[in-house]
Amino acid sequence: METKIMKKKQAGPQQTCGFVSYKTCLISPSHLSRHLTSSSLLSLPLERLFPPMDLRRRPPKPPVNNNTDGSFRSYQTRTSDDDHRRRTTTIAPPPKASDALPLPLYLTNAVFFTLFFSVAYYLLHRWRDKIRYNTPLHVVTITELGAIIALIASFIYLLGFFGIDFVQSFISRASGDAWDLADTIDEDDHRLVTCSPPTPIVSVAKLPNPEPIVTESLPEKDEEIVKSVIDGVIPSYSLESRLGDCKRAASIRREALQRVTGRSMEGLPLDGFDYESILGQCCEMPVGYIQIPVGIAGPLLLDGYEYSVPMATTEGCLVASTNRGCKAMYISGGATSTVLKDGMTRAPVVRFASARRASELKFFLENPENFDTLTVVFNRSSRFARLQSVKCTIAGKNAYVRFCCSTGDAMGMNMVSKGVQNVLEYLTDDFPDMDVIGISGNFCSDKKPAAVNWIEGRGKSVVCEAVIKGEIVNKVLKTSVAALVELNMLKNLAGSAVAGSLGGFNAHASNIVSAVFIATGQDPAQNVESSQCITMMEAINDGKDIHISVTMPSIEVGTVGGGTQLASQSACLNLLGVKGASKESPGMNSRRLATIVAGAVLAGELSLMSAIAAGQLVRSHMKYNRSSRDISGATTTSTT
Ligand code: ADP
């Protein structure tokens, strides 16, 4: 989601490669001054006089604001942090036409226009006088020589600025940049531009040993399109919109890909997938789909309901192990869960001229008197978005504002972002000097390990607990209460502390979270924070039984939107009884899904910890994770 939001923002001034006119010449101030005084001007090659520069016809998007220190801050704005760092440290801003003089573009153009026409007028005048008084034309005064040089210089400038692009618009019809997605989307561009990648600046090594390609015999019409894609006449990304048939587009793209790379895609299925269902929302430029087996763990007895938990994984033992944990929980009476909090967050970063002004924004946003107004503005984004809190952190002149809202049954990243956008627009009245650097300032924090999620929570914060009877620990889990409690303390608590873990006080929560996320159409990248979990174990009833709990503050799940709509994922949600929007109360399905994730994690923790306590882990792996076909006895675990 985050990438989606940043996509348009990143199409800023730095994206010039798609429009570069490499042969375009432009006069730099130093060249101009040096050569206008030089008598050898006309003898110098053009390339030396006017070195090639990047020149975009389309003016770059304007900088957000002028920086007081006069640096090129606009190149550091509205980008992800990584890009930000890269640009601020290594990338100089691309040269512009206005670099010819230290003036804004329109003034530079005006100077050269005026120069060209006034000098042309002067020379014509002189020419007429010479004819009238029979003066030889080749006898020129210093002033006339200067005028000729000025005429040539201004002519070259104007030709470089307006003329070359006109010519190149014909030449470069087949040399655009198919990767310039933001621009192509903006323009709804159906021109013929190439889909070939730009020429790399380093030489690309060839991969060894391509396997023979099994080429499908395509209909003649498709064969022609494949050739056009390979030749760069039709951009690969435009196949869906051109053909109006997503499956055919995928098949043509795949064939072109095989021929261009010389590598076979055999084994990656093409048939049997609804390519229309992913168009414009789940995946671009498809060439097939990956098959991941889905296993079932359960029944998971949670809050009085039985769930069969779908887990998409290729890791042997994982489903079997979780299944064993479910069994132990089931016999002991099941687990109970509580949703502590339900709110998705987004935190833009805004900058002011002073830390004082940034602090004023913080006081304004955190003032309870302003909350109702902010809520009205924020909630306009969706009938499901409901603002819960605003928290502002200051770093010098910069403010990071963490908005938190409920999002119904959607995971909610789009929804919260729209609400934040509304508030930022509203704030410009009271804070016109506020410079919005980026809608995401990483205080959110999405898809990165962060203490803020661990402490404050993000998405659904869930705690899930169960009491497992001592005899079940012995019979089913093949270990003892005391061994489990000790191992939990030394591994999940002390061990993770020794490792400096952030929210990783568990055995393998991410194993279960990832598998359930993939099966149910969640964003697997959010596994980073969704897997934050602390597993607690305590001997109770005089040491006979064990109380186990998992506390997971940031489970980010939804049952509408994104990948949840796709047929396979939707079937898995249906199996859990949480498909789509809740009819009873918005948010109920997604909250229930979060509790199921926590319940399955509890089962997984119980089983893996038991396996380690009993010393079964390696044995089990050697037996069942190394191509054994009989998994009937695989009850231990996967990795840790
Ligand atoms: P996300 O915000 O997780 O990226 P999307 O924006 O893709 O999700 O999907 C949410 C969409 O589903 C919104 O357009 C919203 O209006 C719609 N919707 C329908 N029913 C619900 C519901 N019960 N809860 C949340 N959103 C819902």
Side-chain angles (χ1 to χ4, degrees), residues 1-9 80 185 274 276-284 339 341-348 375-389 402-424 439-440 444-448 453 457-462 513 516-530 554-570 572-574 576-597:
M1 297 287 181
E2 185 155 353
T3 44
K4 215 190 278 179
I5 292 149
M6 297 304 296
K7 205 183 286 171
K8 275 192 171 267
K9 300 289 180 194
S80 73
I185 289 169
D274 177 10
E276 312 283 335
S277 67
I278 56 168
L279 183 66
Q281 56 176 355
C282 289
C283 182
E284 299 76 37
V339 177
K341 205 169 160 187
D342 178 10
M344 182 42 70
T345 61
R346 178 55 94 195
T375 302
V376 170
V377 175
F378 186 99
N379 292 355
R380 274 188 217 135
S381 63
S382 162
R383 67 204 150 111
F384 299 100
R386 293 293 169 261
L387 185 66
Q388 294 174 345
S389 65
R402 196 172 193 255
F403 292 86
C404 182
C405 76
S406 56
T407 56
D409 286 307
M411 181 273 289
M413 284 302 298
N414 283 335
M415 218 178 266
V416 67
S417 301
K418 282 186 221 159
V420 168
Q421 194 68 48
N422 289 351
V423 174
L424 290 176
I439 187 139
S440 168
C444 316
S445 175
D446 195 40
K447 302 174 185 173
K448 272 90 57 183
N453 295 335
R458 187 169 198 254
K460 278 80 177 153
S461 306
V462 181
V513 170
V516 178
F517 267 36
I518 294 170
T520 58
Q522 311 306 314
D523 187 340
Q526 288 183 322
N527 155 68
V528 173
E529 58 269 35
S530 297
S554 312
I555 303 180
E556 295 159 352
V557 288
T559 57
V560 298
T564 63
Q565 256 101 272
L566 304 179
S568 320
Q569 290 84 338
S570 183
C572 290
L573 287 170
N574 191 41
L576 293 169
V578 293
K579 179 180 161 184
S582 163
K583 295 197 172 54
E584 293 161 59
S585 152
M588 203 178 216
N589 277 355
S590 61
R591 279 195 290 274
R592 183 168 286 186
L593 178 58
T595 62
I596 294 168
V597 170

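In this chain, residues are counted from 1 in sequence order. When a ligand or atom number is given, it counts from 1 through the structure's own listing order. Hydrogens, waters and symmetry mates are skipped; everything else that's a heavy atom, side chains included, is used.
Which parts of ligand 1 touch G561 is read off a 4.0 Å heavy-atom cut-off, strictly below it: atoms 7 (O), 9 (O). For ligand 1, the atoms closer than 4.0 angstrom to any heavy atom of V560 are 12 (O), 25 (C), 26 (N), 27 (C). Listed by number with element, the atoms of ligand 1 under 4.0 angstrom from any heavy atom of M411 are 3 (O). Which parts of ligand 1 touch M413 is read off a 4.0 Å heavy-atom cut-off, strictly below it: atoms 1 (P), 2 (O), 3 (O).
For E556 against F517, the heavy-atom pair with the smallest separation is O-CZ, 3.4 Å. When all heavy atoms of F403 and L387 are compared, the closest pair comes out as CD2-CD1, 4.0 Å.
The closest non-hydrogen atom to atom 7 (O) of ligand 1, taken over T407, N414, V416, comes from N414.
Between the side chain of R458 and the backbone N or O of T345, at least one donor-acceptor pair lies under 3.5 Å. For S440 (side chain) and P348 (main-chain N/O), no donor-acceptor pair under 3.5 Å exists by modelled atom type. For D409 (side chain) and G558 (main-chain N/O), no donor-acceptor pair under 3.5 Å exists by modelled atom type. Checking side-chain atoms of N453 against main-chain N and O of S445 turns up a donor-acceptor pair under 3.5 Å.
Proximity of G412 to ligand 1 is established by a heavy-atom distance of less than 4.0 Å.
Counting heavy atoms closer than 4.0 Å to ligand 1, residue M415 contributes atoms from both its backbone and its side chain.
Polar contact check, D409 against ligand 1: a nitrogen or oxygen pair lies under 3.5 Å apart. Looking at R383 next to ligand 1, no N or O pair under 3.5 Å apart turns up. Between P586 and ligand 1, not a single N/O pair is under 3.5 Å apart.
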**OP:** May I have the step-by-step check of side chain to side chain contact (heavy atoms under 4.5 Å, CB included) for V516 and I596, ending in yes or no?
**Re:** CA-CA 9 Å; V516 178; I596 294 168; 5.6 Å; no

